[in-house]
Amino acid sequence: MAAVRDLPFDPWDPAFLADPYPAYAELRARGRVLYYEPSNQWLVPHHADVSALLRDRRLGRTYTHRFTHEEFGRTPPPPEHEPFHTLNDHGMLDLEPPDHTRIRRLVSKAFTPRTVERLRPYVHRLAGELADGLVRDGGGDLLTDVAEPLPVAVIAEMLGIPEADRAQLRPWSAAICGMYELNPTPRAAEAAVRASVEFSEYLRGLIAERRKAPGDDLVSGLIAAHDEGDRLTEQEMISTAVLLLNAGHEATVNATGNGWWALFRNPAQLAALRADHGLVPSAVEELLRYDTPLQLFERWVLDEIEIDGTTIPRGAELALLFGSANHDPAVFAEPERLDLARRDNPHISFSAGIHYCIGAPLARMELAASLTALLRKAPVLRLAAEPERTPNFVIRGLKGLSVEVG
């Protein structure tokens with residue numbers, strides 16, 4: 001068992017969180033799979049392996065469709081965490097076929113290219129309004145003033161959540177996502193459980209309202225699909241709505257913050273983007289690669305596998321390091337260099353395989369709209385203060401990004 005305790009991989013160390021990419025380079029140099037005792041996981045740092053394993057059906061996001069906790073050699077979660085796990089375990093991100101296939105098929109109807117394209121005018125109008133507000137105020141927090149409101153409003157609009165209720169969504173989401181970090185603290189778990197209960201109760205009430213008065217929204221669509229015989233339970237509806245909200249804005253918010261912070265640290269690239277807005281599509285892909293908003297994705301080993309001569313037994317957990325894979329020099333030329341014109345950019349920030357991000361086209365549209373609006377309306381946007389990282393590893397982002405508009 002190859003140990004990595006002597007390497008600077010410490011997802012609880014502020015210095016590592018500030019810049020994990022040098023540690024990733026050391027992990028890649030050490031091997032293709034390395035056991036990390038503090039989290040009891042096998043780290044997978046290379047792009048080729050991460051990409052292949054995301055598609056490997058010997059692995060799963062869950063194991064309970066095949067094994068009990070005891071059969072899998074795992075301790076059941078504490079009873080007090082049950083509300084979080086009930087909510088999380090019925091969403092398609094943590095389901096395997098056939099349940100995953102059934103739910104994804106229904107949800108995918110809301111994310112067809114035609115449906116996403118219909119949202120374009122709304123997304124661009126809202127992005128422009130948010131940029132106008134930032135300019136009017138002479139600056140502010142780019143995260144809270146621009147990055148957060150856009151994707152939250154879009155996904156809430158799709159779900160049919162009334163505007164008056166949307167202020168609750170971001171705090172609930174942030175608390176729930178705290179459980180996705182490695183070894184979450186008791187305080188984080190308590191907050192996630194509380195948010196799971198409150199969010200579930202809210203959505204249960206919304207579903208009851210939509211049953212009486214259906215609208216042109218995704219929640220109404222899921223109810224209709226159930227009534228037509230597609231076997232979607234109320235818990236699956238609730239879990240699906242929460243997943244779409246969380247996944248539909250967390251990555252976009254953090255990609256926006258991480259992206260602008262990267263641009264401010266690379267002024268020549270920012271100048272090139274300001275001079276040529278035609279770079280926006282490739283810039284979006286490069287910013288997603290350069291400072292990946294989701295650094296790690298986990299997989300359970302359902303059937304024994306072998307990686308580079310190392311046997312990984314059933315019951316083990318793999319930590320697929322997206323951030324490391326996106327900086328693998330075997331795939332990306334000069335990976336530590338921000339290159340907004342990069343053409344060959346097979347980053348895996350949206351995952352791969354059956355769990356590929358269903359909202360990736362919408363996220364790309366939102367990121368491009370926000371970037372374009374700020375470039376046009378705030379052409380001299382500048383950093384006002386050095387930002388501070390959130391104390392998270394898996395979901396990588398900033399606490400805020402203070403900017404000024406000249």
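No side-chain donor-acceptor contact under 3.5 Å links D94 and T62. Between the side chains of T240 and E236, no donor-acceptor pair of N or O atoms lies under 3.5 Å. No side-chain N or O of E304 forms a donor-acceptor pair with one of T311 less than 3.5 Å apart. If you check the side chains of H355 and R104, you find no donor sitting under 3.5 Å from an acceptor. If you check the side chains of Y180 and N392, you find no donor sitting under 3.5 Å from an acceptor. For Q295 and Y24, the side-chain atoms include at least one donor-acceptor pair closer than 3.5 Å. A donor-acceptor contact closer than 3.5 angstrom links the side chains of N345 and E286. With no hydrogens or angles considered, no side-chain donor-acceptor pair links E148 and H249 at under 3.5 Å. Of the N and O atoms on the side chains of Q235 and T233, not one donor lies less than 3.5 Å from an acceptor on the other residue.
In summary, R66 and E96 do not engage in a salt bridge, as defined by a charged side-chain N under 4.0 Å from a carboxylate O. A salt bridge does not link K377 with E129: none of the charged nitrogens is closer than 4.0 Å to a carboxylate oxygen. In summary, E306 and R58 do not engage in a salt bridge, as defined by a charged side-chain N under 4.0 Å from a carboxylate O. Note on D303 versus R314: no salt bridge recorded, every NZ/NE/NH1/NH2 to OD/OE distance being 4.0 Å or above.
Within the cation-pi definition used here (under 6.0 Å to the ring centroid, within 45° of the axis), R61 qualifies as a partner of F297. Relative to the ring axis of Y63, R74 does not place its NZ or CZ within 45° and under 6.0 Å from the centre.
Shortest non-hydrogen contact noted between I395 and C177 is CD1-CB, 3.6 Å. Scanning both residues, A352 and R299, for their nearest heavy atoms gives O-NH2, 4.5 Å.
Considering only heavy atoms from C-beta on, F72 comes within 4.5 Å of W300 through its side chain. Looking at V33 and D49, their side chains never come closer than 4.5 Å, going by heavy atoms from C-beta outward.
In this structure, the ring of H47 has its center less than 6.0 angstrom from the ring center of F332.
Sparse packing is recorded around CG of D216, with 12 or fewer heavy atoms of other residues, nucleotides or ligands lying under 6.0 Å away.
Between R396 and the choices D291, N254, N258, the side-chain hydrogen bond (donor to acceptor under 3.5 Å, both in side chains) rule is met once, by D291.
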Quick one: side chains of residues 194-203, donor-acceptor pairs under 3.5 Å with protein atoms, not counting sequence neighbours, listed by atom name and distance.
unit_1	atom_1	unit_2	atom_2	d
S196	OG	A192	O	2.7
E198	OE1	W172	NE1	2.9
S200	OG	S196	O	2.7
Y202	OH	D165	OD2	2.7

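R382 CZ to S402 OG: the interatomic distance, rounded to the nearest 0.5 Å, is 11.0 Å.
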- Query: Given Y21 and H327, is the ring pair (Phe, Tyr, Trp, His ring centres under 6.0 Å) satisfied, shown in steps?
  - Reply: CA-CA 7 Å; Y21 300 102; H327 279 246; 4.0 Å; yes
Between E26 and F9, is the side-chain contact (heavy atoms from CB on, under 4.5 Å) condition met? List the steps. CA-CA 9 Å; E26 291 196 41; F9 180 84; over 6 Å; no
